[in-house]
Structures are given as C-alpha cells and as structure tokens.
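Structure first, commentary second.
Since the model is a prediction, treat every value here as computed from it, not as a measurement. The figures that follow rest on heavy atoms only: side chains count, while hydrogens, waters and symmetry mates do not.
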Number of protein chains: 2
Amino acid sequence: MYGTVKGVLTVPTTPVRQASVRAHNLALVLHTVANSADRPSRAAVAAVTGLTRATVSALVDDLVAGGLLVEVAPPPRTGAGRPAVGLALSAAGPAGLGLEINVDYLAACVVDLTGTVRLRYVEHADQRPADPAQSLAALGTLAARARLAAETGGLTVAGAALAVPGLVTSGLVRVAPNLGWQDVDAVAALRAVPELAGLPVTVDNEANLAALGELRVTGGNPTFLYVSGEVGIGAGLVLGGELYRGVRGWSGEIGHVTVFPDGRPCRCGARGCLEQYAGQEALEDDVPLAAAALGIALSVVVNLLDIPVIVLGGAYAPVYAALRDGIETELRRRVLTAGLAPVELRAAELGADAAMRGAADTVIRAVREDPAGWMRRTAAAP
Amino acid sequence: MYGTVKGVLTVPTTPVRQASVRAHNLALVLHTVANSADRPSRAAVAAVTGLTRATVSALVDDLVAGGLLVEVAPPPRTGAGRPAVGLALSAAGPAGLGLEINVDYLAACVVDLTGTVRLRYVEHADQRPADPAQSLAALGTLAARARLAAETGGLTVAGAALAVPGLVTSGLVRVAPNLGWQDVDAVAALRAVPELAGLPVTVDNEANLAALGELRVTGGNPTFLYVSGEVGIGAGLVLGGELYRGVRGWSGEIGHVTVFPDGRPCRCGARGCLEQYAGQEALEDDVPLAAAALGIALSVVVNLLDIPVIVLGGAYAPVYAALRDGIETELRRRVLTAGLAPVELRAAELGADAAMRGAADTVIRAVREDPAGWMRRTAAAP
C-alpha cells in the first residue's frame, strides 16, 4: 500500500567528489591527533577514525609535508614490541596572530597550532586622545613586528584577528563608545599595512573573542557569561557551547545595563550604566561599590537567562578575590533561584589576555578545520 | 590513493521500516493540508509532497477515518473541468485543553485542530488565600467542565497543558512566588480528577507558553521577548523560532530583575524588583512609573541580548497605548544601539489568553506532529 515512497529518504544522487573526501579526511586525522591525550601512532589514528592504515599513512604524510603534523618519539610503553612513532601537532607550522585594541592598551600575540602562546606584545597607551587611524597605525606596527618575529622563528602566520571593545557588524566597527569610534573599517586599515600583505584579517567584539578563548581553554560548562572588565565592560554569552551574538551581533553590552536609574551620567548618554560603577576606573576608586554594581547586573542576567556560571575576565581577573564576596551577596539576594541552585562565579583562566588569545585561536581553528585549504594556499604562494 | 573511505558517509544499513515511513507520510500530508492557503485536492497534496497520488489517497483516507481531515467543497475556480474535492483540517476531531492558574484567576480553553478556540472559561478569584490543593481542585472542576462540554460538542480532548506563573522543572512547580507555591505536583493533582482520567497532562511556565502561543499565531520575527504582565511578571524568550528555557528551565524571570536597587521590598526577599513597579497592582496605581520601570528592565534585555522585538502581553496588552511612550523613552535613552536600529514594541495579539492558548496549542501540535500515534491510541481506546 505504501510501497512507493518518495520525498522521504535523501539519497545522494552524485558521488562525493574525491577532493572533498580527502579534505574531510585530512581534517579528521588532524582533529584526531589534536584531541588525543598522548601522541597517537598511525595505527591508533586508523583505529579511531575507521580509515584504513594505508589511507591514514598517506594523509599523515601530506600533513607532515604541509607542516601541520610532526613525528615524535612514541609515548613510553611497558609492553613488548617495537614502539611506533607518535604524531603531534606541529609547533613550527601555521600560527594565528591575535590583536587587540582597547582603551588603554594595544596588544598582539602569536599562538601556534598546538595552542601555545609564542610571543606576546602589550603596549600600554591611552587610545582616547588618538583618532582611529592613529590607533590602527600603531597597532599595525605592533602586528608587523609580531609577524616578523614569528616568521623569523620558523612559524607561518596564517591570519590575523582583531578584538575591539565595540559593536561589530560584517567586519565594520559600528560603535566603540570608549574609544570614540564610529563606523571604522579596521580590517581595511590593517590590510593596508605593507608587512601584513596577503594576510586574512577579521575583526570581532573583544568580549565575544574572550568568551570563545575561555570556552576552548577550560572545556568546562558550555553555558556561561564571560564578563570582560576594561575601561568599558563587555560580555560574551556562551549558550550550549555556542557564542550567542544576537540578531545583529550586538549582544553582550552589559556595560550599559542600568544599575542605578538616576545615577552617574555615562558616555553613552544614559545614566547609571554598570560601566560608571564597575569599569576599570571606577573599580580603582571603590571596590565594594564596583562589586555591588556587578552583582546587581549579574543577578539580572541570571534571572533572565538561567545562566549557571559567570566568568570574570579582563581587569576583574586579578582582583577577583576582592570582588567575589560583594558580588555573591547581591546574587544571593536578587537571583530568584539562588536558593535552588547557587550561581558559580570564577575568575577567567586566561586573565587579561583572553580576547587576543581568543582572536588568535579563531585563526588556528580555521586551519585545523580545513587543513587541505591551508596546504593548497601555502603551496600556491610564491 | 584515497579510494577506500570509511567513516565519512553515513549510509543507513537497515531499510527504513514501513510503519515509520507511513507515520512520517501521514504527518507530511497533514502538515501539507494545514499549511495550504486554500483547501488542496489530493492531487495538489501529491504534487507538493512528491508522493504518488495512490499513496496520498490511501493516507488521506486514513486521516479522514481518524477524524483529522475532512473533505470539503473545492475552492471556486474559473477554469474548465470538474473541480476536485478539497481537504481541510477537521474541526470535529482531536482538541487541546489549555489550562491556566494565575494569581487572580483560573482559566480553561479548548482549541480544535484548526486552531480555533471552541470554548473559554475564566473564573476570577484571588488564589493567594487558597492552598495549592484548593486551587488545583477548583481548576480540576473547571477542566472537567471544559472537557465534558467539548466532548458533548463532538470533539475529543487529546490532552491538557497547564500554565503556571512559576519555575517548572521536570513537571514539578518548584516555586511560584506570587501563589506562595513550593514543590507542587500540579500534574498529579489534575490526573487524579476522575473526569480527566486517561488524559495526558503537562505543566509549563505561563510566559513560556504565552510566547509559544504568540510565535505560532503571528508567524512574524522569530526572535522576540514576550513579557507577561500579571500580578507577577514573567517573560518568554524566543531566539530564532525556539523558546530559550535556560539550563534548568528557569529563564525569563524578568519580574525579579532589579530596577531600583534600594527600592521597594519584594515578596522574593530582594528590593526594587520590576514586579513592585510594573506588576498588575502597581500598574493600576501609577502607569507612568510602571512604564518607566518596564523601559529600564527591557533596555537591559536589549543591551544583553540584541533582541529586535518586544511583545507586551497579559495585563499589559489592553493598556499598551498608555505604556508605550514611557517605555520607548527609556529604550531610546538606555539601549546602546537605539540609534543604530530601534527596538520594535507591540501588544500581544492574543492578549490575556496567550498562555492558555499556547498551552492548548502544545497539545494540538503534538497530534499534528504524530497523527499515526494519535490514531493508534484512539483506535485502541475502549
């Protein structure tokens, strides 16, 4: 009666192309090595992936030739038999250039494929008197220096990602209130730096990148709010392992959450914004007030979103111990479900570097997700 | 070289069972009829689904026999040829029983498969002096009356869903502060009512159900915050067409968002909660203050989540015109991105009925998603 069935099963009608199968399998092998606790042999990779040993060997050869994997001494073993050569991610291959421009510093770091920070430059300087072009020129110089140092050291910088304290849409910094920026094309400015020629460049909100950095480093609860305390305050909201950006990419503006409706005037034009009580400058003046204001704003987030974990980063990380009690007092008082399940509060593991680490990580992750693309591009380069 | 590929393509190794294909196709045909602008013929359903006409005819016969579809006069047509019989959802088949218990009323409605409200009972009575058992007994009586009336009218109530103003976890009402409830098993209480015997019963937060009701009726922007103004205030957050419930199902507690940190004491133990300024009782006292407090709380939501649309429901819907200006003034002042894109504010289309409508809709939706299961259960019933 129902023998003829259409529109129910989706059966591919064209064979999967060999090139895309190879690309998929290269990523699969790289991923398997990256996620192994020890240094797996080719045989171990074959066992995990279900690919034949011959296929794995050919793929590994390509990844070694492409500078993505290295063959290393095997892990010590107690059993009999000749130990196999182990595989590891290369620390001398592609690297990510993470950049950050914030109100009172410029920063750059280079992170290799293994996730290790290979160099880190921070230049403390108030950017508010500078116009966007001046700040970006200074950052370009820092980035060029970092790229040169990394490549002198044998790495190949695969791309750069910039963290900014502002609203970013489609690569454009729409507003960065504390920098005084409006509609700044930071990507074009960095691409125009001669020493960065040919480098893919992206830009994103600093708290979003910091939240991603924290997610990847800690691997803990995949639902949390990351709060980045700088002169301004931003937040990155990670729901079930994914960054929630909002409909237009403008989520996380916790610095402009109202805590005292008739309170201090804010640079944004409103009154009583969190930033005026718990931004870096207010924090230096009055830690208890900063903690209470943070606690009030965070209680709002928990009441609205049922977020189980809050991570304090940026300038908050080093003074976490001094802030904790004041914040927790307000959370206990104001979160409706505080009696059912307490909110977990902790300092960011990456401290003040989270945003640029997260930025560099987006570059590394792109290479790890498409090693075939990376190898093709570098083979084609002059 | 990569000729042998394993672990890449997922190919089903066992044939899909006929029964599950039939179940899938029954739902597909029902869905196609439900989503047609006019009353489609069997041939039109075949064309849309890609199933053969013979298969569609057999499936339609089953759905008509099962009381889910009816054959109706065809839409008027100007062309030549004998017009085909049209198909429509049955208004005399399964129906959903939507229930609501709130601080100052009990309510029940029956919604048929076409989404039409067939009956609606509201009993205004303050539930705060009652204990949970008394409120649930009164609601059980109302529900029994609604079921009887619906079945006398030829409908078959397929299930009941209850909306409550509180935190719900795994079918248990953990806390409903304005009712004074704690750990109440409302589902068990309703199942124990003899006239509701055999009926599947579920319970959920009223603002969540109202948000779902609104999403289905309006079919507009799939990302919005629904705010339900009752004696307490709840919110349902719909992100990309999905209700965001939070990690433990406790999201949306906007009534306990702090608006004035040192303000009026709240029943929850905190101070300055939105509920104390914009709950139904405060709203009756001072509309401008309620609007300002709502505007402050909603600006927080938009700053945190980049929500483009806010829908005001419950007691707010009828006084929307009086609230609008006051809310919009605060949104313009306090939302960082207000100058880039204004927030759309509107009254709920379903007004005060949204929660019980949303509740009834969850029952109807379950039938529409699994008509085979529904027909199997009713065929097996004595």
Subject >> Partner residues of A:Y244 under the ring pair (Phe, Tyr, Trp, His ring centres under 6.0 Å) criterion, sequence neighbours left out >> reply: none

Original post:
Any donor and acceptor pair, going by atom type alone, linking the side chain of B:N205 with main-chain N or O of B:N208 inside 3.5 Å?
Top reply: yes

**OP:** For chain B, find its close neighbours in residues 165-174 of chain A: heavy-atom separation under 4.5 Å, sorted by number, or none.
**Re:** A:L167, A:R174

Original post:
Contact part of B:V335 toward chain A, heavy-atom cut-off under 4.5 Å: side chain, backbone, both or neither?
Top reply: neither

Original post:
So which of A:G263, A:P261, A:A270 has the largest heavy-atom pair count under 4.5 angstrom toward chain B?
Top reply: A:P261

Original post:
Heavy-atom distance under 4.5 Å to chain A: side chain of B:I254, backbone, both or neither?
Top reply: both

Original post:
Is there a donor-acceptor contact under 3.5 Å from the side chain of A:D306 to the main chain of B:G249?
Top reply: yes

Original post:
What part of B:T258 gets closer than 4.5 Å to chain A, counting heavy atoms only: side chain, backbone, both or neither?
Top reply: both

Original post:
Are a donor atom and an acceptor atom from the side chains of A:R42 and A:S57 found within less than 3.5 Å of each other?
Top reply: yes

Subject >> chain A contact via B:L305 - side chain, backbone, both or neither, heavy atoms under 4.5 Å >> reply: both

Original post:
So which part of B:V175 gets closer than 4.5 Å to some heavy atom of chain A, the side chain, the backbone, both or neither?
Top reply: side chain

Original post:
Quick one: CD1 on A:I307 to CZ on B:R248, what's the gap to the nearest 0.5 Å?
Top reply: 9.0 Å

**OP:** Heavy-atom pairs under 4.5 Å with chain B are the metric here; pick the option from A:S299, A:G339, A:C266, A:P308 that has the most.
**Re:** A:P308

Original post:
Side chain, backbone, both or neither: which part of A:R332 has a heavy atom under 4.5 Å from chain B?
Top reply: neither

